[in-house]
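Data first, discussion second: the structure below is written as structure tokens.
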Amino acid sequence: MKLGILAVGHKLPDWVAAGCDEYQRRMPRELPLSISEIRPEPRHGKTREQLLAAESVRLRAALNAFPRVIVLDERGDDLTTLALAQCLRDWMQDGRDTAFIIGGADGIDESIKSAAERRIRLSSLTLPHAMARLVLCEQLYRAMSVVRNHPYHREG
């Protein structure tokens, strides 16, 4: 099984890219993590709907490789690390490659949200897109550490 992060956005600051690279490197071979940047639509007087529709075309093309789609959404399910680890266990059992979508500045087209298997949120706080990407990488690594019974997560 493979995990992918599809993130609408531009080049990340070096420190975010370095952090994401580090968590990608730490992921086990049986669960590799890739990150794909999806080019945001140039604004140039377009409506939000036009921007999202154009970005959704690029997202759908990238999603062809992923049978399971999880959308990061501020109104999504609020998961604990242990709940995310249980999701990873379940997903690994059925073996379908899984994509996590991080939308652009205007969000994610509703058609992609409604087609997703699940919506989750990383935080009730507003996170910059680069930070959301780093937090997601870290949480996937942490959840995988829990799955492998590493003492990475401390309860109590």
Side-chain angles (χ1 to χ4, degrees), residues 1-38 40 55-56 58-156:
M1 181 181 144
K2 297 176 189 168
L3 298 176
I5 297 173
L6 306 179
V8 177
H10 295 290
K11 186 177 180 325
L12 296 175
D14 289 342
W15 63 272
V16 174
C20 290
D21 289 346
E22 178 65 20
Y23 288 115
Q24 284 179 278
R25 187 188 61 74
R26 291 182 184 191
M27 291 296 284
R29 277 184 237 165
E30 69 269 18
L31 196 65
L33 173 64
S34 65
I35 301 174
S36 299
E37 287 188 353
I38 307 299
E55 291 169 357
S56 74
R58 290 190 277 281
L59 280 168
R60 279 191 191 86
L63 285 172
N64 284 335
F66 295 97
R68 178 183 294 112
V69 176
I70 309 299
V71 169
L72 271 63
D73 183 67
E74 62 190 6
R75 293 173 194 83
D77 298 329
D78 190 16
L79 300 180
T80 64
T81 299
L82 293 177
L84 180 58
Q86 185 58 53
C87 288
L88 278 181
R89 278 187 198 97
D90 295 344
W91 297 338
M92 289 170 70
Q93 283 184 347
D94 85 10
R96 291 184 294 152
D97 293 345
T98 300
F100 295 85
I101 299 178
I102 300 173
D106 292 293
I108 300 170
D109 189 74
E110 192 57 42
S111 66
I112 290 180
K113 286 184 185 182
S114 62
E117 185 171 305
R118 187 158 194 186
R119 296 181 195 192
I120 62 172
R121 72 173 173 205
L122 292 179
S123 174
S124 295
L125 302 172
T126 301
L127 298 175
H129 290 273
M131 187 65 73
R133 199 179 307 187
L134 181 58
V135 169
L136 179 58
C137 288
E138 191 278 338
Q139 283 300 299
L140 290 171
Y141 169 72
R142 183 182 296 251
M144 190 60 204
S145 296
V146 170
V147 167
R148 296 176 109 192
N149 296 314
H150 287 236
Y152 191 85
H153 177 74
R154 309 280 192 259
E155 281 191 273

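For the single chain, residues carry numbers from 1 onward in sequence order.
The side chain to side chain donor-acceptor pair (under 3.5 Å) search around Gln139 returns Thr81, not counting sequence neighbours. Pro128 meets the side-chain contact (heavy atoms from CB on, under 4.5 Å) test with Met131; sequence neighbours excluded. For Ser111, the side chain to side chain donor-acceptor pair (under 3.5 Å) test picks out Arg60, Asp109, with sequence neighbours left out. Residues passing the side-chain contact (heavy atoms from CB on, under 4.5 Å) test with Ala65: none are found, sequence neighbours excluded. Residues satisfying the side chain to side chain donor-acceptor pair (under 3.5 Å) criterion with Gln86, sequence neighbours excluded, are Arg89, Asp90. By the side chain to side chain donor-acceptor pair (under 3.5 Å) test, Asp94 is found to be paired with Arg68, Arg96, residues two or more places apart in sequence or in another chain being considered.
Atom SG of Cys137 and atom CZ of Arg26 lie 12.0 Å apart (nearest 0.5 Å). Residue Ile35 holds its CD1 atom at 11.0 Å from CG of Leu3, rounded to the nearest 0.5 Å. One distance of note links CD of Glu30 with CE of Met144; it measures 5.0 Å at 0.5 Å rounding. Here Asp97 contributes atom CG and Leu31 contributes atom CG; the two are 9.5 Å apart, rounded to the nearest 0.5 Å. Remark: Met27 CE to Gln24 CD distance equals 9.5 Å, nearest 0.5 Å.
Inter-residue side-chain proximity for Val69 and Glu117 is flagged as unmet; no heavy-atom pair is nearer than 4.5 Å. Between Leu12 and Leu134, every side-chain heavy-atom pair lies at or beyond the 4.5 Å cut-off. Contact of the Glu55 side chain with the Ile38 side chain is not registered, since no non-hydrogen atoms from C-beta on lie closer than 4.5 Å.
When each of Asp78, Leu72, Leu127 is checked for a side chain to side chain contact (heavy atoms under 4.5 Å, CB included) with Arg121, only Asp78 meets the rule. For the side chain to side chain contact (heavy atoms under 4.5 Å, CB included) with Ile101, the qualifying choice from Ile5, Val8, Leu63 is Leu63, the only one to do so.
Shown here is Lys2, whose NZ atom has no more than 12 heavy atoms of other residues, nucleotides or ligands within 6.0 Å.
What you find for Arg119 and Ser114 is that their closest heavy atoms are NH2-N, 3.7 Å. Contact between His129 and Gly104 at its shortest, heavy atoms only, is CE1-O, 3.0 Å. The heavy-atom pair separating Leu6 from Phe66 by the smallest distance is CD2-CE1, 4.4 Å.
Under 4.0 Å is where a charged nitrogen must lie from a carboxylate oxygen, and between Lys113 and Glu74 no such pair does.
At distances below 3.5 Å, not a single donor-acceptor pair connects side-chain atoms of Asp77 with backbone N or O atoms of Leu79.
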